[in-house]
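Below, each value reflects all heavy atoms present in this structure, side chains not excepted, and no hydrogens, waters or symmetry copies. Order of appearance sets the numbers: ligands from 1, and atoms from 1 within every ligand.
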Amino acid sequence: MKHVIIGNGPAGVVAAETLRKCGPDAVITLIGDEPEPPYSRMALPYLMMGNIGEPGTYLRKSGDHYAGLRIDLVQDRVTGVDTAARAVALASGGSLAYDRLLIATGSHPVQPPIPGMDLPGVHACWTMADARSIIARAAPGSRVVQVGAGFIGCIIMEALVSRGVRLAVVEMGDRMVPRMMTPVAGTMIRTWCESKGVGVHVNARVATIRRAAGGDALVATLASGAALEADLVIVAAGVRPNVAFLQGGAVACATGILVDATMQTSVPGVYAAGDVAEVLDFSTGGRSLNAIQPNAVEQARIAAFNMAGRHVESRGYLALNVLDTLGLISSSFGQWGGVPGGETAELIDEGAHRYLCLQFKGDVLVGATAIGLTEHVGVLRGLIEGRVKLGPWKDRLLQEPLLVMDAYLARAQAAA
Ligand SMILES: Cc1cc2nc3c(=O)[nH]c(=O)nc-3n(C[C@H](O)[C@H](O)[C@H](O)COP(=O)(O)OP(=O)(O)OC[C@H]3O[C@@H](n4cnc5c(N)ncnc54)[C@H](O)[C@@H]3O)c2cc1C
C-alpha cells in the first residue's frame, strides 16, 4: 500500500506515524514545501520570545525519527492531483503514484488588498521564515503595527510585547477577536491590552502602507487619515485553506476540503485533515473550519486509521478556542453568539477581569464565552459536548451563571 501525504505540519506528521503503526509494510511518503524539518507553528511565539531556539519548534526532536520509521520525507511542492490516475504532480517535475492520499496542506495568511503590502518590513506571522524576519526587526523600542486582532493576532502580541516593542493593533471589527468573543468580552480584552501599554484601534482599517520619507521606516495610514509610523508591520488578518492546487479537479471544496466523518473527501481513497479540512461541526451538523492544532492532530489520526483499512469516525468538532492575550485567559465554545429563540445569561465583573456568558437552547447549554475563569473550561465543554439536559438548573444558571460547576455536578456527573 502506497500512502502519500501532502503537507508535513502536525496533521501530516501524525498521520504518517499512525500509518506506520497500522502497517509495517506500507510505503509512506510525506511531502512538505518548507525548507525546515517538520515544525509546529504554535511554537513560533515561543521562538520569538527567545524561550526556545529553532530546534525547539521541531515536531520531532531526533534527527533520524522519520528515517527510523521508514517515512520518506520529500521537500517539494505539489502542484496538482490527478485522482483518475492516482498521482500527484510535483513542482520539481515528475509525479508520485499513490493508493491512498492525505491532503494536510494547512492554510495560509490572507493578504488584505492594501497598497504597500509587498514593502520590506511587512510580514505575516505564519512560517519559520516570517518568525526570523520579525525577530530581526522587533528590537526593544521599535515600533510595530499589527493589522488584525483575531485569534493569531492576539497570540503573537505576548511575544511582541516581551521583545520590548511599542505595539499598535488595528482591527476592522468593533472589538478584539470579533469572530470568537462577544462584544463585552472583546471590549474587556481591548481594555486589558490598553492597560498593558498596547495601542488598540478598533473600527479601523489600514488603507495604505508606504515608506516614510528619507529612511527605512514605514507609515501605515488608516482610513480615518491617522498615520502610524512603524519599523515593522505584521499582518494577521485571517487565514484561508491551501486548496488552490486542487482547482478544477474532482476533490470537492467549499472554503476548505469537504470531508465526511472518516475524513474522506468526495473522492474515494483521498482524505483531508487539519486546517485545510472542512469537518463535521458538532453544534450545527454542517461543515466548518476549526483551525487549531489539537483538531488537526485528531483528524489526522482518524484519516490515517481509515486509510489503513480500519473504520473510525469523528463525532464532530466543537468550536473551542482558549486564548492567552498578554496574560488574560479567554475562551469561547460552540454557539457562543447564541441561537434563535435561545436564552442568554451574562455575568460581567470588569474590575476583576472576569466574565461569563452562557447560551441556552431549551434547557441545554449550546455555547459560552468566558474571561478569567480557567477552572470552568472543562465543565463548560462537558455540558455542551454532553448535551446535558439541565432541567431546573437552567433557570438557576440564568440567575447565577457561576453555578456552572454545581450544575455540572448535579446534572452531568450524577447522571454518569
Ligand atoms: C503564530 C501561530 C500561533 C498559533 N498558536 C496556536 C495555539 O496556541 N493553539 C492551536 O491550537 N493552534 C495554534 N496555531 C494554529 C496551528 O498552528 C494550526 O492549526 C496547525 O499548524 C495546523 O496543522 P496542519 O498540519 O493542518 O497545517 P500546517 O501546520 O500549516 O502544515 C501544513 C504544511 O503543508 C505545507 N504545504 C502547503 N501546501 C503544500 C503543497 N502544495 N505541497 C507541499 N506542501 C504544502 C505547508 O507549507 C505546511 O508546511 C497557531 C498558528 C500560528 C501561525
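For atom 49 (O) of ligand 1, the closest non-hydrogen atom on the protein side is Glu34 OE2, 2.9 Å. Nearest non-hydrogen protein atom to atom 48 (C) of ligand 1 is Arg41 NH2, 3.2 Å. Closest to atom 53 (C) of ligand 1, if we only count protein heavy atoms, is Trp126 CE3, 3.0 Å. The protein atom (non-hydrogen) at minimum distance from atom 36 (N) of ligand 1 is Asp33 OD1, 3.5 Å. The nearest heavy-atom contact from the protein to atom 14 (N) of ligand 1 is Met42 CB, 4.0 Å. Scanning the protein for heavy atoms near atom 27 (O) of ligand 1, the closest one is Gly106 CA, 3.4 Å. Looking only at protein heavy atoms, the nearest one to atom 19 (O) of ligand 1 is Asp275 OD1, 2.8 Å. Summary of contacts: the protein heavy atom closest to atom 15 (C) of ligand 1 is Ala291 O, 4.1 Å.
Remark: side-chain polar atoms of Arg240 are not paired, donor with acceptor, to backbone N or O of Val110 under 3.5 angstrom. Between the Arg77 side chain and the Asp33 main chain, no donor and acceptor come within less than 3.5 Å of each other. One N or O on the side chain of Arg20 and one on the backbone of Leu69 form a donor-acceptor pair closer than 3.5 Å. Using a distance-only test at 3.5 Å, with no hydrogens or angles considered, no donor-acceptor pair links the side chain of Tyr39 to the main chain of Gly9.
Less than 4.0 angstrom separates some heavy atom of Gly32 from each of these atoms of ligand 1: 44 (N). The contact set between ligand 1 and Asp76, taken as ligand atoms under 4.0 Å from a residue heavy atom, comprises 43 (C). Atoms of ligand 1 lying under 4.0 Å from any heavy atom of Cys125, numbered from 1 in the order shown and given with element: 1 (C), 53 (C). Close contacts of ligand 1 with Pro294, meaning ligand atoms under 4.0 Å from a residue heavy atom, involve 11 (O). Close contacts of ligand 1 with Asn8, meaning ligand atoms under 4.0 Å from a residue heavy atom, involve 33 (C), 34 (O), 49 (O). Residue-ligand proximity, Gln293 to ligand 1, at heavy-atom distances under 4.0 Å covers atoms 10 (C), 11 (O), 12 (N), 19 (O). Close approach of ligand 1 to Asn242 is summarised as follows: ligand atoms under 4.0 Å from at least one heavy atom of the residue are 37 (C).
Few gaps surround CD on Glu375; more than 12 heavy atoms of other groups in view lie less than 6.0 Å from it. The environment of Glu350 atom CD is sparse: at most 12 non-hydrogen atoms of other residues, nucleotides or ligands sit within 6.0 angstrom.
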Passes side-chain hydrogen bond (donor to acceptor under 3.5 Å, both in side chains), Asp174 versus Asn203? Steps please. CA-CA 5 Å; Asp174 63 353; Asn203 290 315; over 6 Å; no
Taking it one step at a time, do Arg143 and Asp231 satisfy salt bridge (Lys or Arg N to Asp or Glu O under 4.0 Å)? CA-CA 5 Å; Arg143 299 153 302 175; Asp231 303 294; 3.0 Å; yes
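For the residues Ala104, Ser40, Ala131, Gly153, the heavy atom positioned nearest atom 32 (C) of ligand 1 is part of Ala104. Around atom 50 (C) of ligand 1, the closest heavy atom drawn from Ile152, Leu59, Ile5 belongs to Ile152. Of the candidates Ala11, Ser107, Ala244, Ala272, it is Ala11 that places a heavy atom closest to atom 25 (O) of ligand 1. The heavy atom nearest to atom 23 (O) of ligand 1, considering only Gly9, Gly274, Gly7, Pro10, is found in Pro10. For atom 41 (N) of ligand 1, the candidate residues are Asp130, Val78, Asp324, Asn290; the nearest heavy-atom contact is made by Val78.
Using modelled atom types and a 3.5 Å distance limit, the side chains of Tyr317 and Glu298 yield a donor-acceptor pair. At a cut-off of 3.5 Å, with distance as the only test, no side-chain donor of Ser107 or Asn242 sits close to an acceptor on the other residue.
The closest side-chain heavy-atom distance from His65 to Pro37 is not below 4.5 Å. Contact check for Gln264 versus Asn306: no side-chain heavy atoms found under the 4.5 Å cut-off.
Outside the 6.0 Å centre-distance limit, the rings of Trp126 and His108 are not counted as a close aromatic pair.
Here Ile155 has side-chain heavy atoms under 4.0 Å from ligand 1, and that is the only part of it that gets that close.
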